[in-house]
Amino acid sequence: MNAPTLAQSFARDLPEMAAPARAADFPQPRLVVLNEPLARELGLDPQWLRTDEGTAWLAGSAGGHATAYAGHQFGQFVPVLGDGRALLLGDIAGREIQLKGSGLTPYSRPGTDGRGAIGPMLREYLVSEFMHAAGVPTTRSLAVIGTGERVLRQQGYVPGGVLARVATSHLRVGSVQYAATRSPDLVAKVVAAAGFSTAAELLAEVMERQLALVARWTRLGFIHGVMNTDNTTLTGETIDYGPCAFTETLRADAVYSSIDSAGRYAFGNQPNIIAWNLTRLAEALLPLLSEDEARSILGTVQARWNHHWEASADALASELVFMPRNQMLQRAITAAERDGDFARYFELLAAVTDPYNPGAGPEWMAQPEGDAPFITYCGT
């Protein structure tokens, strides 16, 4: 089989926000984990993906585009962010394939390497696939590739890794914000590229999607860790599982991210933050939206949150026996990263991707961990 042909819809529809880029030349890319069911959904041949040529393709050998966006990061607006270590390969079967940790791009920040460590990529793969299995809208994970090189992170030099992830779209609130700093015409193009006829329609629908999403996060005890506007998708899919974690005690002040020292994105603050992010979206749409329209839509946030909070109870009514508890996931990742021992990781992956089945994994996975101290890092 030859390499699959991907469409370049993002670059075609929004050329002002797509910069051609190539992945780094990795010395020894190897396939660590492949999501064969998802590959088949996309029309990709799992057997070919496991070949040397397929693995190289998953590591970015065909090149792609880095996308531009802006964003409020911990409340501070940054007018140009963009994919500093990500590469959008293109789209197939109505979904986009993007690499994370694939090397430098035109949007990389000075002093960064654009690479990823394999530990955070394994974390995102497992947690995102758990969220999908639990019925939470999310980006999906197609593969994790070891790069054959080592990267310097907080804990020293660790093996490098690339994640191939899949999303309906990688447009985000930050994409609209970036367009708003350019021109009303570009805002209109983003609205259209996101599949909406009007800015009011976009704001109302994204509000519904995001409130429903965060309500489901809250029911699961999920803490995103970095709810910047550039990590708030227009599709309502969870994106960027960097410093994410779970609070089993549903403690409102729970924070596990090493970079959230002030607790802005604490567990109990996530509903307020999504409302704040939606207000920033409305501001970015004002070239195409009257203030009265924006106020009318945003004025329903509390009522719509109440609705989605109740709906999330029904959606997640069945008890989850297995979920990726913080300490056990970290131990599995550490064994894989440090010792090359993936046994516990794959055992845990099998259990959390069948989370409603009480017989899906060994008893040790079902034991609560309580509120033990825990810190996560974003991987950059």
Intermediate values then yes/no, side-chain hydrogen bond (donor to acceptor under 3.5 Å, both in side chains), Tyr241 and Thr138: CA-CA 10 Å; Tyr241 289 87; Thr138 180; 2.4 Å; yes
Taking side chain to side chain donor-acceptor pair (under 3.5 Å) as the definition, give me every residue that meets it alongside [X], ordered by chain and number, with sequence neighbours left out.
{"X": "Thr168", "result": "Glu237"}
{"X": "Trp276", "result": "none"}
{"X": "Glu283", "result": "Arg280"}

Would [X] and [Y] pass as an ion pair if we require N to O under 4.0 Å?
{"X": "Arg219", "Y": "Asp314", "value": "no"}
{"X": "Asp45", "Y": "Arg40", "value": "no"}
{"X": "Arg115", "Y": "Asp113", "value": "no"}
{"X": "Arg95", "Y": "Glu41", "value": "yes"}

Work out which heavy atom in [X] is nearest to a heavy atom in [Y]; give both atom names and the distance.
{"X": "Gly236", "Y": "Arg209", "value": "CA-CB, 3.8 Å"}
{"X": "Ala294", "Y": "Leu203", "value": "CA-CD2, 4.3 Å"}
{"X": "Ser175", "Y": "Val190", "value": "O-CG2, 4.4 Å"}
{"X": "Leu126", "Y": "Pro324", "value": "CD2-CB, 3.5 Å"}
{"X": "Val162", "Y": "Thr147", "value": "CG2-CG2, 3.7 Å"}
{"X": "Thr247", "Y": "Leu250", "value": "OG1-N, 3.2 Å"}

Please round to the nearest 0.5 Å and tell me the distance separating atom [atom1] of [X] and atom [atom2] of [Y].
{"X": "Arg304", "Y": "Asn306", "atom1": "CZ", "atom2": "CG", "result": "9.5 Å"}
{"X": "Leu281", "Y": "Gln177", "atom1": "CG", "atom2": "CD", "result": "8.0 Å"}
{"X": "Glu293", "Y": "Leu286", "atom1": "CD", "atom2": "CG", "result": "10.0 Å"}
{"X": "Glu369", "Y": "Asn326", "atom1": "CD", "atom2": "CG", "result": "6.0 Å"}
{"X": "Leu289", "Y": "Leu202", "atom1": "CG", "atom2": "CG", "result": "9.5 Å"}
{"X": "Leu42", "Y": "Leu6", "atom1": "CG", "atom2": "CG", "result": "9.5 Å"}

Indicate every side-chain donor-acceptor pair of residues 336-346 with a distance under 3.5 Å to a residue at least two apart or in another chain.
residue : atom : partner : partner atom : Å
Glu337  : OE2  : Gly119  : N            : 3.3
Asp341  : OD1  : Ala343  : N            : 3.1
Tyr345  : OH   : Leu122  : O            : 2.7

Has [X] got more than 12 heavy atoms of other residues, nucleotides or ligands less than 6.0 Å from its [atom1]?
{"X": "Phe77", "atom1": "CZ", "result": "yes"}
{"X": "Asp253", "atom1": "CG", "result": "yes"}
{"X": "Gln47", "atom1": "CD", "result": "no"}
{"X": "Arg109", "atom1": "CZ", "result": "no"}

Look at the side chain of [X] and the backbone N and O of [Y], then say whether any donor-acceptor pair between them is shorter than 3.5 Å.
{"X": "Gln98", "Y": "Val166", "answer": "no"}
{"X": "Asp230", "Y": "Ala70", "answer": "no"}
{"X": "Asp260", "Y": "Gly225", "answer": "no"}
{"X": "Thr279", "Y": "Ala275", "answer": "yes"}
{"X": "Thr139", "Y": "Thr238", "answer": "yes"}
{"X": "Thr112", "Y": "Ser108", "answer": "no"}
{"X": "Glu124", "Y": "Pro120", "answer": "no"}
{"X": "Asn35", "Y": "Ser141", "answer": "yes"}
{"X": "Glu129", "Y": "Ala350", "answer": "no"}
{"X": "Arg150", "Y": "Tyr157", "answer": "yes"}

I want to check something: taking the side chain as every heavy atom from C-beta on, are [X] and [Y] in contact at a cut-off of under 4.5 Å?
{"X": "Val226", "Y": "Ser257", "result": "no"}
{"X": "Ile239", "Y": "Arg165", "result": "yes"}
{"X": "Met207", "Y": "Thr300", "result": "yes"}
{"X": "Phe267", "Y": "Val255", "result": "no"}
{"X": "Val127", "Y": "Cys244", "result": "yes"}
{"X": "Arg85", "Y": "Leu104", "result": "no"}
{"X": "Thr55", "Y": "Thr51", "result": "no"}
{"X": "Met227", "Y": "Ile274", "result": "yes"}

Aromatic contact, Phe246 with Phe130 (centres under 6.0 Å): yes
Single hit among Ile145, Leu87, Leu163, Leu89 for side chain to side chain contact (heavy atoms under 4.5 Å, CB included) with Ser102: Leu87
Side chain to side chain contact (heavy atoms under 4.5 Å, CB included) partner of Val176, the single match among Leu186, Leu285, Val191, Thr229: Leu285
Solution key, residues 10-31 side-chain donor-acceptor pairs under 3.5 Å, sequence neighbours excluded:
residue : atom : partner : partner atom : Å
Glu16   : OE1  : Lys189  : NZ           : 3.2
Glu16   : OE2  : Lys189  : NZ           : 2.7
Arg22   : NH2  : Ser61   : O            : 2.7

side-chain hydrogen bond (donor to acceptor under 3.5 Å, both in side chains) between Asn277 and Gln210, worked out: CA-CA 10 Å; Asn277 289 355; Gln210 284 293 335; over 6 Å; no
Side chain to side chain contact (heavy atoms under 4.5 Å, CB included) evaluation trace for Ile92 with Leu44: CA-CA 9 Å; Ile92 188 171; Leu44 304 176; 4.1 Å; yes
Residue among Trp217, Tyr265, Tyr256 satisfying ring pair (Phe, Tyr, Trp, His ring centres under 6.0 Å) with His224: Trp217
Full working for side-chain hydrogen bond (donor to acceptor under 3.5 Å, both in side chains) between Ser9 and Asp91: CA-CA 7 Å; Ser9 300; Asp91 54 288; 2.9 Å; yes
Fellow cluster residues of Tyr69, listed by chain then number, with links counted only when side-chain atoms sit under 4.5 Å apart: Val78, Leu81
Cation over ring face, Arg182 and Tyr178, 6.0 Å, 45°: yes
